[in-house]
Amino acid sequence: MAFFEQHMHAKPTTFLSKYIFSYDHKVIGKQFLWYGIFFLGVGGIMALMIRWTLAFPGVPFPMIGQFLFPETGGVVPPDTYAMLFTMHGTIMIFYAITPILIGAFGNFLIPLMIGARDMVFPLLNMLSFWIAFISGLLLLAGLFTPLGAAAGGWTSYPTLSTLIGSPGVGQTLWALAIFVLGVSSTMGAVNYITTIIVLRAPGMGYFDMPLSVWGLGLTAILNAIFIPVLGAGVLLLIFDRVFGTTFFLAGAAATSGTGDPILFQHVFWIFGHPEVYILILPAWGIVSDLLSFFARKPAFGAKATALSMTSITILSTIVYGHHMFTTQMSPLLTQSFMTLTMTISIPSAIFFANWLGTIWKGSIRFHSPMLFSLGVVFVFGLGGLTGLYLGTVTTDLYLHDTYFVVGHFHYTMAASVLLGGFAACYFWMPKMFGTMMNEFWAKVHFWITMLGLNGIFMGMMVVGYAGMHRRLYNPFVYDFMANLVPINTFITWSAIVMGLAQIIFVVNFVHAVFFKKEKSSDNPWEVGTLEWTIPSPAPHYNFKDLPVVKCGPHEYGNPNLTGDRDFQYQTEELA
């Protein structure tokens, strides 16, 4: 274990130093949380517009349609539809999920859970947020350019994203925004990795870290390695669009010997497949901890779970080719990538079984964080199983360009990560803001979200299996698609229900942060990890005296415990 002396921060005295340009990891975590919630709202409204168009073709979008699309009487026009699914995907992945799970909870939790007073590079941490903020402005600026924002899909494959496919400035701003965001993410990743290595509390070995820290740390490693790959790709795309280079020019290879659109797909998916795990590893880590905390049992196979996550992290770097089975790749390569992809099932099955082992015969407390964690177990099971069809060459060739893919990756990434994010919000709310959200409304939020979510994503897989292509503005102009309109209407109503459910969360969250007078106790969930040994909300310096770790994070049911407690703090040593 590595460790060096840490100092208390000088307490900020001005509004700017306390809330705007703060070096405090907790404040920066909250800034990322508000940032992510804002973009979650923007991306969610765009999703509703997409769904409305598919369920009710030619019908004006309610309430704001006339304001946004006056030239078509409120109906979403085809070119805007392409822009909407491009921006929805980009915003949800890079500007909503990433800031909430990695930016907010990574910043907030890592120092607290490893017993540190702050990140190892506080200035770098502050800069990473404000660079992400600039990136968000660049992305949104595209909406106000003459030809609108980017419309080449969230993957922005050339030629859709070159000047031929997207002549407006919006696509250039998209690429610039992603590049700038990559700078921010890389800075954050370096900070996370270094903090975990050098600032762990005395006595804390790697396997004494909570699994949340394992998930966030492995994510940071992937970010540090693969975000620069995407950065290089979008930088070359910017060169093609602005300076007339031909890195991704279609047909250039035939005439000048250089340049190929498929090259971008290789670069994108070398980053893109690890990105799936970049997003989901923090949620897996958090859920692995919460299942143990609320089942009141030690995490089953905790070391095996950590090693499984590590194995998945390594394997995720060599399976990207399964996203490109339809690009006429060599059969030898497709079979190699298929085999490697299937190999990921082994560690995935191990830690999924460990989740079930943790719950088995536990004294389960069905508080809201536990409900959302169980929701992750359910949707990840579905997402993982449906992924087998897309990792296999023969079935992927049929399903690849259909809504089955959309349903699968929404189950795997969106649903798992969203539910994991909500679990984290409800669970660490006392430590972040000193209050708790209303449990009744939290459970109402969970059940409506689960109903809506499964209606959407299960419906997507059904219509995809029936052959409904993705990315089409109005697929129902084809006769064989007409029978799928009722299912699309059902999916859209499910999306509306899920969207309305999020209002419950926002009201509950805002009320708890700004209006609730009743303060939470220091350890309302009765958990033994280090952040629950200090007051709520966490004080400016985190730990007045640095803790000394004497046991793991999931110690429950020790017969030597005194009183009514069934858990022990990580700073306690019991026989």
Taking the six-membered ring where the residue is Trp, are the ring centres of Phe422 and Phe505 under 6.0 Å apart? yes
Less than 4.5 Å apart, any side-chain heavy atom of Ile102 and any of Asn223? yes
Pair Trp284 and Phe351, ring centroids less than 6.0 Å apart: yes
Decide if atom CD of Gln328 counts as having more than 12 heavy atoms of other residues, nucleotides or ligands within a radius under 6.0 Å. no
Please report the interatomic distance CZ(Phe21) to CZ(Phe15), rounded to the nearest 0.5 Å. 11.0 Å
Non-hydrogen side-chain atoms of Asp260 and His266 separated by less than 4.5 Å: no
If you compare all heavy atoms of Phe325 against all heavy atoms of Leu397, which two are closest, and at what distance to 0.1 Å? O-CD2, 3.9 Å
Report yes if the side chains of Met87 and Leu143 come closer than 4.5 Å at any heavy-atom pair, otherwise no. yes
Taking the side chain as everything from C-beta on, heavy atoms only, tell me whether His25 gets closer than 4.5 Å to Ile110. no
Closest non-hydrogen atom pair between Leu101 and Gly421, with its separation: CD2-CA, 4.0 Å
Are the side chains of Val405 and His408 in touch, meaning some heavy atoms are under 4.5 Å apart? no
Which donor-acceptor pairs under 3.5 Å do side chains of residues 122-139 form with protein atoms, sequence neighbours excluded?
from: Asn125; atom 1: ND2; to: Asn107; atom 2: OD1; distance (Å): 2.7
from: Ser128; atom 1: OG; to: Asn125; atom 2: O; distance (Å): 2.7
from: Trp130; atom 1: NE1; to: Ile20; atom 2: O; distance (Å): 3.1
from: Ser135; atom 1: OG; to: Tyr95; atom 2: OH; distance (Å): 2.6
from: Ser135; atom 1: OG; to: Ala177; atom 2: O; distance (Å): 2.7

Between Tyr320 and Phe271, does the ring centre distance come in under 6.0 Å? no
Is it the case that the side chain of Tyr398 and the backbone of Tyr465 share a donor-acceptor pair, with hydrogens and angles ignored and the cut-off at 3.5 Å? yes
Using modelled atom types and a 3.5 Å cut-off, is there a donor and acceptor pairing between side-chain atoms of Thr412 and backbone atoms of Phe380? no
Using modelled atom types and a 3.5 Å cut-off, is there a donor and acceptor pairing between side-chain atoms of Asn542 and backbone atoms of Leu112? no
Between Trp174 and Ser156, is any side-chain donor less than 3.5 angstrom from a side-chain acceptor? no
Given 3.5 Å as the limit, does a donor-acceptor pair link the side chain of Thr386 with the main chain of Gly383, or not? yes
Main-chain N/O of Phe248 paired to Asp240 side chain as donor or acceptor, under 3.5 Å: yes
Heavy-atom donor-acceptor pair, Thr392 side chain to Tyr389 backbone, under 3.5 Å: no
Aromatic contact between Tyr81 and Trp52, with the criterion being ring centroids under 6.0 Å apart: yes or no? no
So, taking the atom named CG in Asn191 and the one named OG1 in Thr186, what distance separates them when rounded to the nearest 0.5 Å? 12.0 Å
Please check this pair: side chain of Thr317 against backbone of Thr313, looking for a donor-acceptor N/O pair closer than 3.5 Å. no
Once the angle between the rings of Phe509 and Trp34 is folded into 0 to 90°, is it parallel (under 30°), tilted (30 to 60°) or perpendicular (over 60°)? perpendicular
Pro158 and Leu237 have their tightest heavy-atom pair at CG-CD1, 4.4 Å
Quick check: are there more than 12 heavy atoms from other residues, nucleotides or ligands sitting under 6.0 Å from OH of Tyr23? no
Which pair of heavy atoms, one from Ala149 and one from Met83, lies closest together, and at what distance? N-SD, 3.5 Å
Between atom CE of Met461 and atom CG of Leu382, what is the distance when rounded to the nearest 0.5 Å? 6.0 Å
Walk me through it: do Phe94 and Trp154 pass the test side chain to side chain contact (heavy atoms under 4.5 Å, CB included)? CA-CA 10 Å; Phe94 295 110; Trp154 83 274; 4.1 Å; yes
Looking only at heavy atoms, which two atoms of Ile344 and Pro347 are closest? And how far apart? O-CD, 3.3 Å
Report yes if some heavy atom in the side chain of Met209 is under 4.5 Å from a heavy atom in the side chain of Tyr206; otherwise report no. yes
Could you go through the side chain to side chain contact (heavy atoms under 4.5 Å, CB included) check for Glu275 and Phe226 one step at a time? CA-CA 8 Å; Glu275 170 70 4; Phe226 291 105; over 6 Å; no
Is the backbone of Val120 close enough, under 3.5 Å, to the side chain of Thr195 for a donor and an acceptor to pair up by distance? yes
Rounded to the nearest 0.5 Å, what separates atom CG in Leu315 from atom CD1 in Ile346? 8.5 Å
Under a 4.0 Å threshold between the charged nitrogen and the carboxylate oxygen, would Asp24 count as salt-bridged to Lys18? no
Got His322 and Leu340 here, is their nearest side-chain heavy-atom distance under 4.5 Å? no
Stepwise side chain to side chain contact (heavy atoms under 4.5 Å, CB included) check, Leu388 with Thr395: CA-CA 9 Å; Leu388 296 175; Thr395 43; over 6 Å; no
Where Ala104 and Ile100 come nearest, the two heavy atoms and their spacing: CB-O, 3.1 Å
Got a second to check how far Leu249's CG is from Ile164's CD1, nearest 0.5 Å? 6.0 Å
Using modelled atom types and a 3.5 Å cut-off, is there a donor and acceptor pairing between side-chain atoms of Ser166 and backbone atoms of Leu160? yes
Pair Ile286-Val376, side chain to side chain contact (heavy atoms under 4.5 Å, CB included): steps then yes or no: CA-CA 10 Å; Ile286 288 168; Val376 173; over 6 Å; no
Donor-acceptor pair between Ser17 and Thr14 side chains, under 3.5 angstrom: yes
When you measure from the side chain of Thr245 to the backbone of Phe239, do you find a donor-acceptor pair of N or O atoms at a distance under 3.5 Å? yes
Once you round to the nearest 0.5 Å, how far does CG of Leu84 lie from OH of Tyr473? 10.5 Å
Quick one, Leu390 and His400 - any side-chain contact, counting heavy atoms below 4.5 Å? no
